[in-house]
Student: 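Supplied in structure tokens, the structure appears directly below.
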Protein chains: 2
Amino acid sequence: MKRIDSVKNPQVKQWKKLHEKKERDRQGVFIVEGFHLVEEALKTKSRIKELVVADSIQIPSHWNVDDVSITIVNEAIMKVISDTETPQGVAAVCYQTQQEDIMNTATRILLLDAIQDPGNLGTIIRTADAAGLDAIVVGDGSVDVYNSKVIRSTQGAIFHVPILKKSELLDIIALLKERGISIYGTSLKNGEVFTNVQPSSSFALVVGNEGNGVSERVLAETNQNLYIPIYGKSESLNVAIASGILLYYLRGM
Amino acid sequence: MKRIDSVKNPQVKQWKKLHEKKERDRQGVFIVEGFHLVEEALKTKSRIKELVVADSIQIPSHWNVDDVSITIVNEAIMKVISDTETPQGVAAVCYQTQQEDIMNTATRILLLDAIQDPGNLGTIIRTADAAGLDAIVVGDGSVDVYNSKVIRSTQGAIFHVPILKKSELLDIIALLKERGISIYGTSLKNGEVFTNVQPSSSFALVVGNEGNGVSERVLAETNQNLYIPIYGKSESLNVAIASGILLYYLRGM
């Protein structure tokens, strides 16, 4: 166990930099904060690089922190690390993952085309995990999955479902098609009512940007495009809500 | 058309006060901001008390503002009225509604038990409208439906689906039961998988607080309590997501 007491310590500066995507990607790590998320992280210890704990905090006795690197810091340092106004006093620096090979075996897959709201992205990851998806592919133009607001909204699902960051969704679509997996786009026009397709243990669903939906070039490569009927006067559903309805329907129950 | 140029004008102070629930309720009005929401409000002119427009803004020519009271203001005043950092320059003061009698005829109803996150409440209202619900009952302990963040998240659905604010959900449940409408609660334990009940044109669904779910006293008065299976490692679904899945299932398609 180490202890750091100065906010000017170089290690503190390293942690502070993790608020920026560029630095998270360079170091290949990200930070999660708070008891719930750190506890979720501890369930897969290999994901954890180190724990950072405020000196005012007692580590819960049911946490197994054997072999985990722990640094004790004061409250001023915790505030620097934290993204919240009242930090809970525990944080974990975790490794990013990029499981390319999951695409060779996954049979229920969600593809995200330029999801920009952190709350939406986090909620979609949480929902996809709950629906038992095998993998999520986050395409270009999406907010960073390791953004602190995204992570909070996942409620820990960031550690549960394999997530692949991919600049080109079309490459993944081509690969999944070769494997015989049906690719469903979502579109308000020229689509099929989603209940017209059969639930299945093998599918890939693409949902898209909050304002523009799934891009035309992606819709052109899907096997079928689905829509959810709107019975009221609203023009559309929130993309996380639409994902929930479609994933629970498509997976079958 | 009036014009106000001083932020000290008493009318400006009245508008500013509408940021507070107490004053909104006292005046029986609320403010919506931005082109999309004002356009939605204009579809039901009787809901509009007055429009407030910045002098830099041209009212879109396709808006029918006949007989609508309009006040032109400068940008400083618009900032006072607005809840956003970069106001679009159009706002509408709208009347709150409380359609008690809708409970005598509505057959698809959503009841909300202490929903506290404004984004969740707004998204739930938008989703319920999309699913063609007849009415939403907002119970005690919920965030105010006329909160600006709630209204933004509804994307205009606040004007489309009748909303009843009710301190006691049990009174509504008793009334709906008398009318022979099945009341479904949502609960992680002691419930029935939701797909075990039949979709219907007549039901009331109760969803609850983000942390605690539907309260025990309400669950005790429902006809049946439902749950959505969790296939992954997440502990639960976001309440707006759960509402979307359940409402689209229960209404039948």
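All values below were derived from every heavy atom in this structure, side-chain atoms included, with hydrogens, water molecules and symmetry-related copies excluded. In what follows, chains are A, B, ... by sequence order, proteins preceding strands, each numbered from 1. The structure displayed is predicted, hence computed values, not measured ones.
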Student: Counting heavy-atom pairs under 4.5 Å with chain A, which one of Gly119(B), Gly156(B), Ala242(B), Pro229(B) comes out on top?
Tutor: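 Ranked by heavy-atom pairs under 4.5 Å with chain A, first place is Pro229(B).
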
Student: Only pairs under 3.5 Å, no angle test: what donor-acceptor pairs are there between chain B and chain A?
Tutor:
{"from": "Arg126(B)", "atom 1": "NE", "to": "Ser236(A)", "atom 2": "O", "distance (Å)": "3.1"}
{"from": "Arg126(B)", "atom 1": "NH2", "to": "Ser236(A)", "atom 2": "OG", "distance (Å)": "3.0"}
{"from": "Arg126(B)", "atom 1": "NH2", "to": "Leu237(A)", "atom 2": "O", "distance (Å)": "3.3"}
{"from": "Asp129(B)", "atom 1": "O", "to": "Gly232(A)", "atom 2": "N", "distance (Å)": "3.2"}
{"from": "Asp129(B)", "atom 1": "OD1", "to": "Lys233(A)", "atom 2": "N", "distance (Å)": "3.3"}
{"from": "Asp129(B)", "atom 1": "OD2", "to": "Lys233(A)", "atom 2": "N", "distance (Å)": "3.4"}
{"from": "Asp129(B)", "atom 1": "OD2", "to": "Ser234(A)", "atom 2": "N", "distance (Å)": "2.9"}
{"from": "Asp129(B)", "atom 1": "OD2", "to": "Ser234(A)", "atom 2": "OG", "distance (Å)": "2.6"}
{"from": "Ala130(B)", "atom 1": "O", "to": "Tyr231(A)", "atom 2": "N", "distance (Å)": "2.6"}
{"from": "Ala130(B)", "atom 1": "O", "to": "Gly232(A)", "atom 2": "N", "distance (Å)": "3.4"}
{"from": "Pro229(B)", "atom 1": "O", "to": "Tyr248(A)", "atom 2": "OH", "distance (Å)": "2.6"}
{"from": "Tyr231(B)", "atom 1": "N", "to": "Ala130(A)", "atom 2": "O", "distance (Å)": "2.6"}
{"from": "Gly232(B)", "atom 1": "N", "to": "Asp129(A)", "atom 2": "O", "distance (Å)": "3.2"}
{"from": "Gly232(B)", "atom 1": "N", "to": "Ala130(A)", "atom 2": "O", "distance (Å)": "3.4"}
{"from": "Lys233(B)", "atom 1": "N", "to": "Asp129(A)", "atom 2": "OD1", "distance (Å)": "3.3"}
{"from": "Lys233(B)", "atom 1": "N", "to": "Asp129(A)", "atom 2": "OD2", "distance (Å)": "3.4"}
{"from": "Ser234(B)", "atom 1": "N", "to": "Asp129(A)", "atom 2": "OD2", "distance (Å)": "2.8"}
{"from": "Ser234(B)", "atom 1": "OG", "to": "Asp129(A)", "atom 2": "OD2", "distance (Å)": "2.6"}
{"from": "Ser236(B)", "atom 1": "O", "to": "Arg126(A)", "atom 2": "NE", "distance (Å)": "3.1"}
{"from": "Ser236(B)", "atom 1": "OG", "to": "Arg126(A)", "atom 2": "NH2", "distance (Å)": "2.9"}
{"from": "Leu237(B)", "atom 1": "O", "to": "Arg126(A)", "atom 2": "NH2", "distance (Å)": "3.3"}
{"from": "Tyr248(B)", "atom 1": "OH", "to": "Pro229(A)", "atom 2": "O", "distance (Å)": "2.6"}

Student: Most heavy-atom pairs under 4.5 angstrom with chain A, which of Ala128(B), Ala130(B), Gly132(B)?
Tutor: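 It is Ala130(B).
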
Student: Is it the side chain or the backbone of Ala131(A) that comes within 4.5 Å of chain B heavy atoms, both, or neither?
Tutor: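 Ala131(A) touches chain B through backbone heavy atoms alone.
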
Student: Does any heavy atom of chain B fall under 4.5 Å from the side chain of Phe159(A), the backbone, both, or neither of them?
Tutor: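 Neither the backbone nor the side chain of Phe159(A) comes within 4.5 Å of chain B.
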
Student: Counting heavy-atom pairs closer than 4.5 Å to chain A, which one of Leu246(B), Ile241(B), Ile230(B) comes out on top?
Tutor: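 Option with the greatest count: Ile241(B).
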
Student: So with a 6.0 Å cut-off around CG of Leu188(A), is the heavy-atom count from everything else above 12?
Tutor: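 No, because the 6.0 Å sphere around CG of Leu188(A) holds 12 heavy atoms or fewer from other groups.
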
